[in-house]
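Notes to accompany the following structure.
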Amino acid sequence: MDEIPTVRDNPPARRFELEVDGTLAIAMYRLDGNTMAFTHTEVPARLQGRGIGSRLIRGALEAARARGLRVIPLCSFVADYIRRHPEVQDLVDPAGVRRYY
């Protein structure tokens with residue numbers, strides 16, 4: 001992986017995508033007003049252990065911040081990422097989290 005791939009939003013598919021070595025990692029989401037609920041993250045086995053999932057979620061959260069959205073981490077991978085990175089914890093919508101749990 002010589003070049004850092006770019007995380008891209010695919011609104012029609014409601015997911016963020018990160019393509020590495022011809023393989024796609026995805027983070028699915030739902031939009032509801034000013035919140036983005038992350039529902040599922042998938043990193044294919046051949047990409048695991050390389051930080052691809054973290055790069056994908058970092059890019060997705062940066063995009064949510066740039067759009068002024070609050071985040072609801074329904075996906076355990078996203079929730080774990082947010083717990084480990086205090087710099088993005090301000091994005092979490094506590095009221096939204098309570099609606100789902």
Side-chain angles (χ1 to χ4, degrees):
M1 204 167 68
D2 299 326
E3 171 181 321
I4 298 174
T6 302
V7 174
R8 65 181 177 267
D9 188 7
N10 181 343
R14 296 185 317 240
R15 68 186 190 191
F16 286 92
E17 302 170 340
L18 182 57
E19 186 175 346
V20 179
D21 300 334
T23 302
L24 199 61
I26 61 168
M28 303 294 296
Y29 64 82
R30 287 192 313 249
L31 285 176
D32 182 13
N34 68 340
T35 61
M36 178 176 279
F38 286 93
T39 58
H40 177 70
T41 301
E42 189 173 317
V43 178
R46 67 182 296 230
L47 297 180
Q48 292 177 5
R50 298 169 55 185
I52 302 300
S54 292
R55 173 68 188 117
L56 172 64
I57 299 309
R58 183 173 50 250
L61 293 174
E62 288 170 359
R65 184 181 301 282
R67 292 170 58 184
L69 298 174
R70 302 289 287 179
V71 170
I72 302 171
L74 301 178
C75 166
S76 61
F77 188 90
V78 176
D80 288 344
Y81 181 92
I82 290 171
R83 267 193 290 281
R84 290 189 323 269
H85 294 87
E87 70 275 11
V88 295
Q89 291 173 2
D90 65 306
L91 290 172
V92 176
D93 178 4
V97 171
R98 285 192 294 276
R99 278 197 321 258
Y100 289 96
Y101 289 104

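Everything numeric here is computed off the predicted structure, so don't read it as measured data.
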Would you indicate whether the side-chain heavy atoms of Glu19 and Glu17 approach each other to under 4.5 Å? no

Heavy-atom nearest pair, Ala25 first then Pro44, reads CA-CD, 4.0 Å

May I ask whether Phe77 and Val20 are part of the same hydrophobic cluster, defined by side-chain heavy atoms of I, L, V, M, F, W, Y residues being less than 4.5 angstrom apart, directly or through others? yes

Which atom pair, heavy atoms only, marks the closest approach of Asp21 to Arg50? OD2-NH2, 3.0 Å

Are Pro94 and Arg70 close enough that some pair of their side-chain heavy atoms sits under 4.5 Å apart? yes

Against Asp93, only a single residue in Val71, Leu69, Thr35 fulfils side chain to side chain contact (heavy atoms under 4.5 Å, CB included); can you say which? Thr35

If you round to the nearest 0.5 Å, how far is OG1 of Thr41 from CD1 of Ile26? 8.5 Å

Please test Met36 against Leu91 for side-chain contact (heavy atoms from CB on, under 4.5 Å), starting from the C-alpha separation and ending with a verdict. CA-CA 10 Å; Met36 178 176 279; Leu91 290 172; over 6 Å; no

Rounded distance (nearest 0.5 Å) linking atom CG of Leu74 with atom CZ of Arg30: 6.0 Å

All N/O donor-acceptor pairs, side-chain side in residues 51-63, below 3.5 Å, sequence neighbours left out:
none

Reported CZ-to-CD distance for the pair Arg84 and Gln89, which is rounded to 0.5 angstrom: 11.0 Å

Hey, could you give me the CD/CD1 distance between Glu87 and Ile82, rounded to the nearest 0.5 Å? 10.5 Å

Inter- and intrachain pairs under ring pair (Phe, Tyr, Trp, His ring centres under 6.0 Å), touching residues 10-64, at least two apart: Phe16-Tyr29

How many angstroms lie between atom CG of Asp32 and atom CD1 of Ile72, to the nearest 0.5 angstrom? 7.0 Å

